[in-house]
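All remarks here apply to the structure that follows.
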Amino acid sequence: MYPEFWPEDEPFRQILGLLVLTNLGALVIYLLFGSLSYYFIFDHSLMKHPQFLENQVQREIKFALQSMPWISIPTVALFFAEVRGYSRLYDNIDDSPYGWFGAISSMFSFLFFTDMCIYWIHRFLHHKLVYKRLHKPHHIWKVASPFASHAFHPIDGFLQSLPYHIYPFLFPLHKVVYLGLYIFVNIWTVSIHDGDYRVPKFLKEVINGSAHHTDHHLYFDYNYGQYFTLWDKIGGSYKNPSSFEGKGPHDLLRKLREESELNKNSNGHENKFCENGKNK
């Protein structure tokens, strides 16, 4: 695809290639996993919730697609630094200072490191000096769909992804592990916006799932974490999800349905009473 006189390690060629790959990769991951989640996991009854906006899904997708190219620019700058050898990424297990143990343990340390950093970045984005300009657009979606997962202001989206890029500059990380983790965190971001609040009972206190993140959107000052509840508990911002207490979005919809049926039954009895009165 490239002319022979354009060397493979030429900086401009690398930047161009990274821009294309990053934008296409982000687009495929977002639309593929967002669509799978939307059609097979997301409870469409949530679209009847009073705080679910008109044409919200289309608006979420449009917002995300407009933001992604801008987010990719600083992201590619960091990828370029990695490609040029400034990070601690390595190709072969033999290059790892700790062998297979290092490659496997890096998966867990990556998740704990990024969870810690994202917690504080996310909490900073809720500060009154920056919230309205940067993070408020993501909180338009009070009851989110999976497509809200990447519907960020570009600066907001990049800041919350920054820990993923910082990690390989600080710690050794296999390139394939890095790619797998990068895909995983994007899928996880989709999953915490999917409205499926089911979590194994023994993990409810540990995992920051969709139920926790839904309350973050609804109540603003709680559950800033990405994967775990640890930093919310340390930072005093943990809230037991309302859906675990019978007060979540599904419970409100159930209550509204019951009230609607009750009103219909009441109106039916009144009409019947009136008809009987006329007949007499």
Side-chain angles (χ1 to χ4, degrees), residues 1-39 57-92 95 103 106-107 110-111 113-114 117-118 121 134 137-138 145-194 226:
M1 293 177 65
Y2 295 95
E4 292 182 4
F5 61 81
W6 201 358
E8 190 173 329
D9 61 350
E10 202 276 325
F12 181 72
R13 171 177 164 169
Q14 291 179 331
I15 291 171
L16 183 62
L18 286 168
L19 273 170
V20 172
L21 286 172
T22 300
N23 278 281
L24 283 178
L27 191 65
V28 169
I29 290 172
Y30 171 66
L31 292 178
L32 174 62
F33 290 103
S35 297
L36 290 173
S37 180
Y38 179 75
Y39 287 109
V57 172
Q58 295 92 322
R59 291 167 64 183
E60 289 169 344
I61 294 172
K62 182 180 179 181
F63 200 101
L65 296 184
Q66 289 175 338
S67 295
M68 281 182 180
W70 295 104
I71 296 173
S72 74
I73 294 172
T75 300
V76 163
L78 291 166
F79 282 157
F80 179 66
E82 292 168 2
V83 167
R84 302 298 285 188
Y86 294 103
S87 72
R88 301 187 68 184
L89 289 170
Y90 57 89
D91 291 291
N92 304 305
D95 298 327
S106 66
M107 299 179 192
F110 178 92
L111 293 177
F113 174 84
T114 55
C117 294
I118 290 171
I121 291 170
L134 298 183
H138 186 62
S145 87
F147 291 110
S149 58
H150 292 66
F152 289 98
H153 184 285
I155 296 175
D156 181 6
F158 174 69
L159 286 175
Q160 293 203 59
S161 71
L162 192 56
Y164 310 142
H165 305 295
I166 291 175
Y167 183 94
F169 286 94
L170 300 176
F171 308 103
L173 186 63
H174 194 285
K175 288 181 179 179
V176 174
V177 173
Y178 184 36
L179 179 61
L181 287 167
Y182 197 77
I183 293 172
F184 168 78
V185 297
N186 277 278
I187 296 173
W188 183 268
T189 302
V190 171
S191 76
I192 61 175
H193 293 86
D194 66 11
Q226 182 76 349

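What you see is a predicted model; the values in this text were computed from it and never measured.
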Side chain H153, main chain H138, donor-acceptor under 3.5 Å: no
Would you give the length of the straight line joining atom CD of E82 to atom CG of L18, rounded to the nearest 0.5 angstrom? 9.0 Å
What distance separates H193 NE2 from H150 NE2, expressed to the nearest 0.5 Å? 9.5 Å
So Y167 and F171, would you call those rings parallel, tilted or perpendicular, with 30° and 60° as cut-offs? tilted
Can you classify the ring geometry of Y182 versus H165 as parallel (below 30°), tilted (30 to 60°) or perpendicular (above 60°)? tilted
Between atom CG of D194 and atom CG of L36, what is the distance when rounded to the nearest 0.5 Å? 12.0 Å
Please work out whether the ring planes of Y90 and H174 are parallel, tilted or perpendicular, with thresholds of 30° and 60°. perpendicular
Distance in Å, F33 CZ paired with I183 CD1, rounded so as to fall on 0.5 Å steps: 7.0 Å
Working to the nearest 0.5 Å, report the span between CD1 of I73 and CG of L19. 7.5 Å
Would you say that more than 12 heavy atoms from the other residues, nucleotides or ligands in this model lie under 6.0 Å from the CZ of F169, or not? yes
Please name all residues satisfying side-chain contact (heavy atoms from CB on, under 4.5 Å) with I71, sequence neighbours left out, ordered by chain then number. S67, T75, P154, F158
Please walk me through it: do E60 and S145 pass side chain to side chain donor-acceptor pair (under 3.5 Å)? CA-CA 8 Å; E60 289 169 344; S145 87; 2.4 Å; yes
